[in-house]
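These notes are about the structure you will find just below.
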Amino acid sequence: AAPLLALALLAAAAPLRCRAAFFLLEEGTERCFTEDVLEHQVLRVEYTMHNKDVLRQAEQTPDGERRNGESQKCSIFVKDPTEKVIKEHAVESETNEGVLALATQMEGRHHVCLLCPAQEWFGTKRKHRWTIKFEKLGTGPELDPKKFASFHRLKTSKDNIDDAMSRLYAIYMETQNQKYVEVRFVRTSEAVNLDVSAFKVVQILLIAGATAFQLHHMSRFLKKSHLDCMSCLPMRSKPVL
């Protein structure tokens, strides 16, 4: 069992063949892929279930509401050429993407099947997005131990992922900051424009009032000056005694 477990943990040996697929899986329908594998060859299956909320909902389903007591979790099965299930893996919300590997015990066509039980008793069955990738690694005795998966390589990959996530978070925060500054600038500009418009209106009203006041007093002044100068005119007739 120990040699088989060591073979199953291979992740870095040179792949002989690689195949990937993106598809929609309907609830209650089993979808299978076939791979021709040699004896003692390692079959590596990398999967991603994109509808993580569906997995979380299935985990929260009470036992009494499960159909015929069956589990509502999505599963991945690997069958040998005799249709015997040699490996089964349950897909949960925390493991919606991962890697499944096993060392085959016989040569022939193996089947990798996926199944998501229907969540509803009646109604339209939903379709979930999956991505699956196959790799066939070496042939057992010819494998190079230097290429086996190691804690150092896994740690390096984790550090690279953490670094990429940190950069993405920094870019996100910079974008949010620029958005905040832009919104604040727009609000300030609108407030300044409103104040300037109000000042213009008040200025126009003051000028109009001052003009009206000056015209009114000028007209009164002209009328009074006209009456005072009438007695100074030479053609003014003398009053009859």
Side-chain angles (χ1 to χ4, degrees), residues 1-26 29-52 54-55 58 71 73-117 127-165 167-168:
L4 296 179
L5 180 59
L7 291 175
L9 294 176
L10 296 177
L16 299 181
R17 184 181 176 188
C18 178
R19 184 163 66 92
F22 169 78
F23 59 95
L24 296 176
L25 179 64
E26 184 178 1
T29 302
E30 184 176 284
R31 180 76 178 271
C32 295
F33 299 86
T34 59
E35 285 290 330
D36 291 324
V37 187
L38 301 176
E39 185 179 1
H40 300 307
Q41 192 173 28
V42 176
L43 177 62
R44 183 177 184 271
V45 182
E46 183 177 349
Y47 66 89
T48 302
M49 202 288 194
H50 299 278
N51 302 92
K52 189 174 181 180
V54 176
L55 299 175
S71 173
K73 299 178 181 179
C74 296
S75 301
I76 301 177
F77 307 89
V78 181
K79 302 178 182 179
D80 62 12
T82 63
E83 297 295 328
K84 178 183 177 181
V85 177
I86 57 177
K87 193 172 186 65
E88 180 179 356
H89 178 72
V91 181
E92 301 178 350
S93 60
E94 299 300 329
T95 58
N96 65 306
E97 55 180 319
V99 177
L100 179 66
L102 76 156
T104 58
Q105 298 301 307
M106 65 174 62
E107 180 180 355
R109 180 166 294 181
H110 287 66
H111 305 272
V112 180
C113 302
L114 298 93
L115 175 64
C116 287
K127 295 183 179 180
H128 309 311
R129 296 172 54 201
W130 284 80
T131 301
I132 192 166
K133 178 181 178 181
F134 302 99
E135 291 182 4
K136 293 186 290 186
L137 311 174
T139 55
E142 299 178 0
L143 294 176
D144 186 1
K146 295 181 180 180
K147 297 182 179 180
F148 289 177
S150 62
F151 176 76
H152 174 71
R153 294 191 178 186
L154 294 177
K155 184 178 180 181
T156 302
S157 301
K158 181 178 180 300
D159 293 339
N160 293 336
I161 294 175
D162 292 340
D163 183 59
M165 294 299 296
R167 293 184 180 181
L168 290 176

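Note that the structure is a prediction, hence the values are computed from the model and not measured.
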For this session: Could you check if a side-chain atom of L24 sits within less than 4.5 angstrom of a side-chain atom of R129, using non-hydrogen atoms only?
Result: yes
Exercise. What's the shortest heavy-atom distance between H50 and T131, and which atoms?
Worked result: NE2-OG1, 2.8 Å
Exercise. Is any side-chain heavy atom of V45 less than 4.5 Å from a side-chain heavy atom of I132?
Worked result: yes
Seminar exercise, completed: Between the CD atom in E35 and the CZ atom in R109, the distance rounded to the nearest 0.5 Å is 9.5 Å
Exercise. Under 30°, 30 to 60°, or over 60°: which ring-plane class applies to F23 and W130, parallel, tilted or perpendicular?
Worked result: parallel
Exercise. How far apart are the closest heavy atoms of N96 and V91, and which atoms are they?
Worked result: CA-CG1, 3.9 Å
For this session: Work out which heavy atom in Q41 is nearest to a heavy atom in L137; give both atom names and the distance.
Result: CG-O, 3.7 Å
For this session: Output the distance between atom NZ (K136) and atom CG (L43), rounded to the nearest 0.5 Å.
Result: 8.5 Å
Exercise. From L114 CG over to S75 OG, what is the distance, rounded to the nearest 0.5 angstrom?
Worked result: 9.0 Å
Exercise. Are P81 and H110 close enough that some pair of their side-chain heavy atoms sits under 4.5 Å apart?
Worked result: yes
Exercise. Out of curiosity, H40 NE2 to E107 CD, how far, rounded to the nearest 0.5 Å?
Worked result: 11.0 Å
For this session: Supply the atom-to-atom distance H111 NE2 to I86 CD1, rounded to the nearest 0.5 angstrom.
Result: 10.5 Å
Problem set entry | Heavy-atom closest contact (E30 atom, K79 atom, distance) | OE2-NZ, 3.5 Å
For this session: Please test E26 against H128 for side chain to side chain contact (heavy atoms under 4.5 Å, CB included), starting from the C-alpha separation and ending with a verdict.
Result: CA-CA 6 Å; E26 184 178 1; H128 309 311; over 6 Å; no
For this session: Would you name the heavy atoms of L25 and R31 that are closest together and state the gap between them?
Result: CD1-CB, 3.4 Å
Problem set entry | R44 side, atom CZ; L100 side, atom CG - distance, nearest 0.5 Å | 10.0 Å
